[in-house]
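Scope of the values below: all heavy atoms of this structure, side chains included, with no hydrogens, waters or symmetry mates.
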Amino acid sequence: MKKLILLVGVLVGILGMLAALSTQGQPKNPNTMKVNAGIITPKLKESKDFYANVLKYSVAFENEFYILMHAPDNTPAVAFLLPNHPTQQPVFQTAFQGTGMFFTIEVTDVDAEFKRIKSLGVPIAIELRDEPWGDRHFAVVDPNGVGIDIVTYKAP
């Protein structure tokens with residue numbers, strides 16, 4: 001029995017050393033940040049439907065005044081908040097006015113996404129095109145007026 005306990009102790013020690021070595025040399029960043037963009041809008045249902053049906057986002061959290069959605073790979077996140085909600089501070093009260101904001105969504109195959117989204121009958125704000133700096137992209141506009149640039153990057 002003592003030999004078994006000793007063997008288990010040695011194995012636990014070896015596993016602990018291996019775990020420590022596997023993270024050795026990797027940078028530790030205690031200030032890691034993640035951006036969740038938010039839009040203050042009365043169009044919660046329209047926004048949810050657009051991001052779910054057109055962009056394949058899923059709901060991570062939802063209540064009567066707030067929706068948090070994630071892309072298929074769980075990043076990035078976008079949130080929608082009702083304006084003038086009594087639970088929110090003044091900085092989060094005024095509705096977005098529909099101009100001066102855009103999102104860029106990088107995809108592996110922009111041609112396939114263009115074909116898929118166009119087949120849904122979504123109006124295309126910028127037709128599929130190649131830019132001299134290397135982007136191949138197109139754009140749509142969400143229910144709040146946010147331009148969404150859908151792009152595949154390539155070398156110019």
Nearest atoms (heavy-atom pairs only) where [X] meets [Y]:
| X | Y | value |
| --- | --- | --- |
| Leu120 | Asn53 | CD1-O, 3.7 Å |
| Pro42 | Pro83 | N-CD, 3.6 Å |
| Leu82 | Glu64 | CD1-O, 3.5 Å |
| Lys56 | Pro72 | O-CG, 3.4 Å |

Give the C-alpha distance, both sets of side-chain angles, the deciding distance and a yes or no for side-chain contact (heavy atoms from CB on, under 4.5 Å) between Val146 and Phe50. CA-CA 12 Å; Val146 176; Phe50 179 87; over 6 Å; no
Please walk me through it: do Phe96 and Thr41 pass side-chain contact (heavy atoms from CB on, under 4.5 Å)? CA-CA 6 Å; Phe96 175 66; Thr41 178; 5.7 Å; no
Residues that Phe65 engages under ring pair (Phe, Tyr, Trp, His ring centres under 6.0 Å), provided they are two or more places apart: His85
Under the ring pair (Phe, Tyr, Trp, His ring centres under 6.0 Å) test, residues paired with Tyr57 that sit two or more places apart: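 Here the qualifying residues are Tyr51.
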Mind checking the CD-OG1 spacing from Gln88 to Thr94? Nearest 0.5 Å is all I need.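 Between atom CD of Gln88 and atom OG1 of Thr94 there are 12.0 Å.
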Interatomic distance, CG@Leu81 vs OG1@Thr87, rounded to 0.5 Å, equals 7.0 Å
Let me know which of Asp109, Thr152, Asp111 forms a side-chain hydrogen bond (donor to acceptor under 3.5 Å, both in side chains) with Arg136.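 Single side-chain hydrogen bond (donor to acceptor under 3.5 Å, both in side chains) partner of Arg136 among Asp109, Thr152, Asp111: Asp111.
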Side-chain contact test, heavy atoms from C-beta onward, threshold under 4.5 Å: evaluate it for [X] versus [Y] and give yes or no.
| X | Y | result |
| --- | --- | --- |
| Glu127 | Phe114 | yes |
| Leu44 | Glu62 | no |
| Ile117 | Val54 | yes |
| Tyr153 | Asp135 | yes |
| Val140 | Ile124 | yes |
| Val110 | Phe138 | yes |

Which residues pass the side-chain contact (heavy atoms from CB on, under 4.5 Å) test with Ala79, not counting sequence neighbours? Tyr66, Leu68
Sequence-distant partners of Val141, side-chain contact (heavy atoms from CB on, under 4.5 Å), two or more places apart: Ala125
Any link between Phe102 and Phe80 through a network of hydrophobic side chains (Ile, Leu, Val, Met, Phe, Trp, Tyr) touching at under 4.5 Å? no
Side-chain heavy atoms under 4.5 angstrom apart, residues restricted to Ile, Leu, Val, Met, Phe, Trp, Tyr: same cluster for Met101 and Ile150?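 Yes, same cluster.
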Can you name the side-chain hydrogen bond (donor to acceptor under 3.5 Å, both in side chains) partners of Asp73, sequence neighbours left out? Thr75
With sequence neighbours left out, the residues meeting side-chain hydrogen bond (donor to acceptor under 3.5 Å, both in side chains) with His70 are none
Phe92 atom CZ: more than 12 heavy-atom contacts under 6.0 Å: no
Leu55 vs Asp142, side-chain contact (heavy atoms from CB on, under 4.5 Å): CA-CA, chis, key distance, verdict: CA-CA 10 Å; Leu55 300 176; Asp142 86 354; over 6 Å; no
How far apart are the C-alpha atoms of Glu113 and His137, what are their side-chain angles, what is the distance that settles it, and do they pass the side-chain contact (heavy atoms from CB on, under 4.5 Å) test? CA-CA 10 Å; Glu113 280 301 297; His137 69 119; over 6 Å; no
